[in-house]
Amino acid sequence: MSDKKVRVRFAPSPTGPLHMGGVRTALFNYLFAKKHNGEFILRIEDTDQTRFVPGAEEYIIESLNWCGLTPVEGPGIGGEFGPYRQSERKDLYKKYADQLISSGWAYYAFDTPEEIDALRKEAEANKETFSYGIGTRENLNNSLKLSQEEVQQKLTSGEAYVIRFKMPEDTDVTEEDLIRGSVTFNTTKSLDDKVLFKSDGMPTYHLANVVDDHLMKISHVIRGEEWLPSMPLHVLLYKALGWEATKPRFAHLPLILKPVGKGKLSKRDGDKMGFPVFPLKWTDPQTGDISRGYREDGYFPEAFINLLALLGWNPGTDKEFFSLEELGELFSLERVVKSGSRFDPEKAKWFNKHYFQEKTVDELALLFKPVLKEKGVEAGDEKIAKVVAEIKERCEFVSDLWDQSYYFFEAPESYDEKTVSKRWKEDTPGKLSEISVLFESVSDWKAEAIKEAFSAFMNEKEWGFGVVMNPLRLSLVGGNMGPDLFVICELLGKEETIKRIQLAIEKIG
RNA sequence: GGCCCGUUCGUCUAGGGGUUAGGACGCAAGAUUUUCAUUCUUGUAGCAGGGGUUCGAAUCCCCUACGGGCUACCA
């Protein structure tokens, strides 16, 4: 490996919200940079103006920020290799395309999209695939076939053209992938003459990405496996442009697959199975469709990062929880697995639960307050903290806090039917009435004291604890959930506890 | 179809010639909690198939099957 400074880039296209697979690509780039004291750069690849989606770039940047993957150079940040939006670099690419033409590595092609489409359809009808390149280019409408005069005439008359790469014949292109090892492609067998420069004056991804990586001194190209088939084209482009000596190293990451079924993870899977596939909530500006996000679903960014890091990478130890900083110290491309990973939403929850449990009661109480406000509940900080302390361990998301504790803030409106039929006997109302009388007499309303009084009373009456405790819980909570019964009594307060017992006797009967 | 990449418990993975094939999620059972959850313990389950190479193959090679990606004037 060369000893030049490590500079990596995350280069998304602003065509919509960033997929969690994209976030993982960004993460691995970021970690690789951290590991090697290098630089992590954001570059927006917006060479296709027809696919521009308003808000997508902002979404990408906000997502990276939420995850803590902050670039050192990029749009809105600056840097000495800017601009970092390809649309703003438009004027820069043409000269490289021209250079390739004069050196014989590329040519003008005047075929219209309709003509190519027709050829494609024709081939399809014969169960063949049309490929513009070796074997077909000599018979098409381009500067290889046409005379110099004809080409010149078309050019000066302003006829639309594209510039295509002239793929050399029968050449084996071998390149070392940092994850997969040596990969070889034969040009004649698998490569066509890709368009480098479009008729609208913009470069395609292939040209822009090679030119920018070179100009931005990118040392390592770390991207998804879907780019592996175009690696030989890019390698050849570096050669054709005379940049072989400083060509970056390549690493192609395995894909994230659907939890069940075939194929890579898509937006639909999330909708279908009830988990987010995007880091942040996204509202489609065209259709108004809403896609849920990890952030809005209550995941902590550290959990999201942790689960993403372990999807396709592991440190070779049994350790499973890592901070972003730890990951930056441990990461290596050698330990990235080669095969695609199925995403498991259950394990994602487990990661969040871990980080949830690691939060202090005060931190969680702070997160809980806005939820309470939204529910129209007024409660003092002290009570909120006490409640959170009691129910924390049975929650894995901030949203669970309310589900597990609403009865501390408002009396149950209904009683769980199963619990009623199982625990509420004929003599229950009578027993509970006696308990409420007993509670009236408890002067020191603390869990310990209540329990003591209750136990003494139960022993004196020779009643079974379960026979009374369960319906009592039902009266206070509305179900069979919650922490220690006497703690609930204490937090509810004497008056409210007795009120709820009487309410349950009335309502259940 | 063509090209390329891949294949260890249901899932994420360790292991890279000699291992009782290890861990985690999930699931199940037990313990504990006079209740629910937590927690703890135990269990469950895997080298895609077939040929080689070798004293010995999950591990190296080949074939097959299966999975995945790409095959646009999209990235």
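Heavy-atom basis, side chains included; hydrogens, waters and symmetry copies ignored.
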Is [X] touching bases, backbone alone, or none of the nucleic acid, heavy atoms closer than 4.0 Å?
| X | value |
| --- | --- |
| A:Lys127 | nothing |
| A:Arg342 | sugar-phosphate |
| A:Phe185 | sugar-phosphate |
| A:Lys392 | nothing |
| A:Asp403 | nothing |

Next on the checklist: Could you tell me how far apart A:Leu253 (CG) and B:G69 (P) are, to the nearest whole angstrom?
Outcome noted: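 Going from CG in A:Leu253 over to P in B:G69 covers 15 Å.
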
Item to check | Row check, A:Phe110 ring normal vs A:Lys154 NZ/CZ: under 6.0 Å, within 45° | outcome: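 Yes, A:Lys154 sits over the ring of A:Phe110.
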
Item to check | NZ or CZ of A:Lys145 within 45° of A:Tyr107 ring axis and under 6.0 Å | outcome: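 No; the conditions do not both hold, so A:Lys145 does not lie above the ring face of A:Tyr107.
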
Checklist entry - Start at the 5' end of RNA chain B and walk down; is the nucleotide closest to A:Val183 or to A:Phe197 reached first? => result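 It is A:Val183, whose closest nucleotide lies nearer the 5' terminus.
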
Checklist entry - Toward the 5' end of RNA chain B, which comes first, A:Pro12 or A:Asn459, by nearest nucleotide? => result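 Final value for this comparison: A:Asn459.
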
Do the side chain of [X] and the base of [N] come within less than 3.5 angstrom through a donor-acceptor pair of N or O atoms?
| X | N | value |
| --- | --- | --- |
| A:Thr129 | B:G1 | yes |
| A:Thr204 | B:C73 | no |
| A:Lys347 | B:A24 | yes |

In the strands shown, is [N] matched to any nucleotide by a Watson-Crick or G-U wobble pair with both distances under 3.5 Å, and which?
| N | value |
| --- | --- |
| B:G18 | B:C55 |
| B:A28 | B:U42 |
| B:U7 | B:A65 |
| B:C73 | none |
| B:U35 | none |

For [N], take OP1 and OP2 only and decide whether either is under 4.0 Å from a side-chain N or O of [X].
| X | N | result |
| --- | --- | --- |
| A:Asn314 | B:U13 | no |
| A:Arg120 | B:A72 | yes |
| A:Lys319 | B:A24 | no |
| A:Arg164 | B:A72 | no |

Checklist entry - Are A:Asp193 and A:Lys166 close enough for a salt bridge, meaning some N to O gap below 4.0 Å? => result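 No.
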
Next on the checklist: Rounding to an integer number of angstrom, what distance separates B:C73 and B:G16 when you compare their C1' atoms?
Outcome noted: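 It comes out at 46 Å once rounded to the nearest Å.
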
Checklist entry - Considering all heavy atoms of both residues, which atom of A:Ile488 and which atom of A:Val477 are nearest to each other, and what is their separation? => result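 What the structure gives for the nearest pair is CD1-CG2, 3.8 Å.
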
